[in-house]
*Asks:* 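Input: one structure, supplied below.
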Amino acid sequence: MARILITGGAGYIGAHTTHFLLRLGHDVEVLDDLSKGYAHNVPAGRLHQFRLQDQDRLAQLLASKPFDAVIHFAAFIAVGESVREPARYLANNTGGSLALLECLQQAGVHRLVFSSTAAVYGDPASVPIPESATLAPVNPYGESKLMVETALDWLARCTPFRFVALRYFNACGAIAEYGIGEEHEPETHLIPLVFRAIRTGEPITVFGNDYDTPDGTCIRDYIHVGDLASAHASALDHLLAGGHGGSFNAGTGQGFSVLEVIRAAERVTGRPVPFQFGPRREGDPPALVADSSRLQRTLDWRPRITALDDIIASAWAFDHHRFGPPGGRPV
Ligand code: UDP
């Protein structure tokens, strides 16, 4: 049993990881300002609601028990918004993380798992992408995460601090028994928007069908959120066993196009997905697929839910839980 502080534990991936670690028997506290996440995502009695930059309260929380490690999810995640408001993204994501690191150093907490992103690679030259690929973000969101990775590297070089940064590809799906799922406001992610199109009859816009991919639409590596949660558990085990850490891709190694996701949603739900083609979305690379062999080798981790239909079925089960059967949702 380890004592773990999870920042951003009221958000989609953070809450799944919180539930996952509690079930493994760890002692977990959640820090979240609820600017994006939901209190109902956090198991009762675990939530501490304040901003990461509130150094006094953070120091108090860190002094409340001898934490073995921190998992740091808290961040803004909307790529388009980061292009419109770069200063706010850099201040929140990079600035907030640096404030956390300073407090951790003062409190003597030397182990951290960090939510990084495939956006650190920008527009990769080829896929699958190994960790050694060029790091060249094409938006402030990716840069805000890469700057934190750089800071983490320096701490690990200069002090006893050790970290694992997990570069997430496209997180999706849900774990039904936790009663939580993907729920962003506003929603920008493909799978929840596909379900919304099914429910409302309003077509979803597919961003671009003139990419250099087999069907012209973008290809992404969709990783089930339960597999991401288990990757965090493996990262913790690695660090707490004295592992060296570093940065790792977290994906399945399989790519699916937007149209393949839409067709899978039609198969799983038994309903047509109304869609239309629109222009490309700014900053969208044609294909992002992980080479996650380093994660698999070093952390002894394997993705378990890799069939696209299974991933989408788990997301659809949460959609039912949240909105009721199709047709029953007020729009
Ligand atoms: N996408 C789309 N229409 C939408 C939302 C997303 O065509 O309304 C596409 C998007 O261009 C990308 C893929 O779906 O190729 C996944 O996008 P999402 O926003 O879910 O995740 P991202 O890849 O930006 O992390």
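Start at 1 and go down the list; that is how both ligands and their atoms are numbered. Just the heavy atoms: all of them, side chains too, but no hydrogens, waters or symmetry mates, feed the values below.
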*Asks:* With sequence neighbours left out, write down each residue that passes side-chain hydrogen bond (donor to acceptor under 3.5 Å, both in side chains) with Thr94, or none if nothing qualifies.
*Replies:* none
*Asks:* Relative to the heavy atoms of Asn170, which atoms of ligand 1 are at a distance of less than 4.0 Å?
*Replies:*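 Listed by number with element, the hits are 16 (C), 21 (O), 22 (P), 23 (O), 25 (O).
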*Asks:* For Leu135, which fellow cluster members are found when Ile, Leu, Val, Met, Phe, Trp and Tyr are connected by side-chain heavy-atom distances below 4.5 angstrom, either directly or through intermediates?
*Replies:*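 Members other than Leu135 - counting any ILVMFWY side chain reachable under 4.5 Å - are Val120, Tyr121, Val127, Ile129, Leu146, Phe169, Ile219, Leu288, Val289.
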*Asks:* Taking only heavy atoms of Val206, which atoms of ligand 1 are found under 4.0 Å from at least one of them?
*Replies:*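 Taking each heavy atom of Val206 in turn, ligand 1 has 7 (O) under 4.0 Å.
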*Asks:* State the atoms of ligand 1, each with its element, that fall below the 4.0 Å cut-off from a heavy-atom position in Leu193.
*Replies:* 8 (O)
*Asks:* If you measure from atom 3 (N) of ligand 1 to every heavy atom of Leu259, Thr205, Val261, which option wins on shortest distance?
*Replies:* Thr205
*Asks:* Nearest protein heavy-atom contact for atom 20 (O) of ligand 1: which residue, which atom, what distance?
*Replies:*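 Of every protein heavy atom, Leu190 N, 2.8 Å lies nearest to atom 20 (O) of ligand 1.
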*Asks:* Please confirm whether Arg281 comes within less than 3.5 Å of ligand 1 when only nitrogen or oxygen atoms on both sides are compared.
*Replies:*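 So ligand 1 has an N or O lying under 3.5 Å from an N or O of Arg281.
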*Asks:* Please check if the distance between the ring centroids of Tyr168 and His232 is under 6.0 Å.
*Replies:* yes
*Asks:* Just which atoms of ligand 1 are under 4.0 Å from any heavy atom in Thr188?
*Replies:*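 Close to Thr188: 5 (C), 19 (O).
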*Asks:* Starting from atom 15 (O) of ligand 1, which protein heavy atom do you reach first, and at what distance in Å?
*Replies:*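 The closest one turns out to be Cys218 CB, 3.0 Å.
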*Asks:* What atoms in ligand 1 come closer than 4.0 Å to a heavy atom of Ile204?
*Replies:* 8 (O)
*Asks:* Under 4.0 Å between a side-chain nitrogen and a carboxylate oxygen: does that hold for Arg46 and Asp27?
*Replies:*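 Judged by the 4.0 Å cut-off on N to carboxylate O distance, Arg46 and Asp27 do form a salt bridge.
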*Asks:* Could you tell me whether Tyr222 approaches ligand 1 through its side chain, its backbone, both or neither, with non-hydrogen atoms closer than 4.0 Å?
*Replies:*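 The answer is the side chain of Tyr222.
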